[in-house]
Structure formats: structure tokens, C-alpha cells
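Report on the structure given below.
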Amino acid sequence: MGAGRSWRICGGYPRGCGHWIRTAGHGLGEPPALAFLVAALSGVPSVGIGVALLWLRPHNRIGLLLALAGLIAVGLAAADNYLSVAQQLTTDDAGSLPVSAVAVALLQGSWMLYYLPWAWLLMLFPSGRLVHRTDRWLAAALPAIVVLFSVLAALGAVDSAPQRWHGTD
């Protein structure tokens, strides 16, 4: 595959997705469905490039991290969509889906998972490996920071009512 052809394919992907969202996305209903679609599609290029790198060079950590970043984006989009559908069903009295209060609380800080593989990827740049001992310690500490933040976010008070400016109704 030539460089021009691969550039056209990579350059055409965002335009094609944008056109599809503008045309076919209108029939999807509520904005949460469109938000889920956009969030899930944001992980697809990363998964595709990561799997291609793993196929070409199985011992390459970069491909693994790219695939992990895409899978996290798709997984968190699916979890958010499940929770919004469960909330909508409960609000409309149309039934219910099983939802764990602990899972909902822990998902409050799950947005930090988006950044974990990208931080590891930046730590591996440019040599493809962790050079210093402090890099290894930091790479091991990053997941602990994400877990600690998620637990602290779950324990924190969540105010679901919108904040109003002082003196307005």
C-alpha cells in the first residue's frame, strides 16, 4: 500500500464518520444514543491500528497500548450507555435493568482510564521501553492512582441538582 493511498484512507475516515453521523445519526433518537455512537467510534481507529501493529510485530508494546486505549474508550462508552438506558427505563416506568450501586459509584472516576494507556505510551516514547528505574515506578503507580481516584470519587458527595447562580431562579 502506497503512502498516498494510506493517507487517503486515514484522511477519509473522519470525514466519512462525520457525514454518517450527520445523515444516519439523525434517526437514532435521543442524544445519549448519538453520544454513545461517537464515543464508541472514537476507540475504533486506536483498536485497528493497535491490532495491525500487534499483527506485524507481536512483541511491540505500542500496538498493545493503542489497542488497550481503544478498548477502554469503547468499554466506557458501553458502560455509560447502559447506565443512561437503565436510568431512562426507570424514569419512564418502562421496566428496569440490573444496576449495582457500587459500579455506578466507581464509574464516577472512570474517565481517568481514558488517559492511562496514553500516559504509558508517552513514557515509552521514543525508545519503546522504560529507561530509568523511576519510569518503571511511575508506570506501576499510574493504575494505583486511577483506582485511588475512582474510590475517592465514589466516596465523595454527588450533587445531581444543577447549581444555580446566587440571586437567580
Side-chain angles (χ1 to χ4, degrees), residues 1-22 25 31-86 99-159:
M1 177 183 294
R5 180 181 161 105
S6 62
W7 178 255
R8 283 192 303 265
I9 290 172
C10 292
Y13 178 79
R15 285 180 287 176
C17 288
H19 174 71
W20 187 85
I21 288 170
R22 284 191 306 272
L34 183 62
F36 165 71
L37 180 68
V38 170
L41 284 177
S42 71
V44 170
S46 181
V47 170
I49 294 170
V51 168
L53 281 174
L54 284 172
W55 181 267
L56 294 173
R57 298 178 188 216
H59 300 291
N60 189 350
R61 294 179 187 153
I62 306 300
L64 179 65
L65 289 176
L66 284 172
L68 180 65
L71 288 175
I72 286 174
V74 171
L76 289 179
D80 287 342
N81 189 48
Y82 181 85
L83 292 177
S84 67
V85 168
V99 176
S100 168
V102 174
V104 171
L106 287 176
L107 280 172
Q108 299 298 319
S110 66
W111 60 268
M112 285 191 71
L113 283 173
Y114 283 115
Y115 300 105
L116 184 61
W118 299 110
W120 282 334
L121 189 67
L122 288 174
M123 291 177 70
L124 290 174
F125 185 79
S127 66
R129 60 189 180 99
L130 299 172
V131 179
H132 302 290
R133 180 179 294 162
T134 55
D135 294 341
R136 289 186 219 112
W137 279 97
L138 183 59
L142 284 175
I145 293 169
V146 171
V147 169
L148 180 65
F149 180 81
S150 294
V151 169
L152 290 176
L155 295 175
V158 177
D159 186 14

On a heavy-atom basis, the closest approach of A69 and S46 is CB-OG, 3.8 Å
In a table with atom names and distances, give each donor-acceptor pair under 3.5 Å that connects a side chain of residues 112-133 to protein atoms at least two apart or in another chain.
residue: W120; atom: NE1; partner: A139; partner atom: O; Å: 3.0
residue: S127; atom: OG; partner: R129; partner atom: N; Å: 3.4
residue: S127; atom: OG; partner: R129; partner atom: O; Å: 3.1

Rounded to the nearest 0.5 Å, what's the gap from [atom1] on [X] to [atom2] on [Y]? Could you check?
X: I145; Y: L148; atom1: CD1; atom2: CG; answer: 8.0 Å
X: S42; Y: L37; atom1: OG; atom2: CG; answer: 10.0 Å
X: L54; Y: I62; atom1: CG; atom2: CD1; answer: 10.5 Å

For W137, enumerate each residue passing the ring-ring contact (aromatic ring centres under 6.0 Å, His included) test, keeping only those at least two apart in sequence or located in another chain.
none
Can you list the steps and then say if Y82 with V99 is a side-chain contact (heavy atoms from CB on, under 4.5 Å)?
CA-CA 9 Å; Y82 181 85; V99 176; 4.1 Å; yes
Which residues pass the side chain to side chain contact (heavy atoms under 4.5 Å, CB included) test with A79, not counting sequence neighbours?
L107
Candidate pair V146 and L142, rule side-chain contact (heavy atoms from CB on, under 4.5 Å), full reasoning
CA-CA 6 Å; V146 171; L142 284 175; 5.7 Å; no
Output yes when a side-chain donor or acceptor of S84 lies under 3.5 Å from a complementary backbone atom of N81, and no otherwise.
yes
Do other residues, nucleotides or ligands put more than 12 heavy atoms under 6.0 Å from the CZ atom of R136?
yes
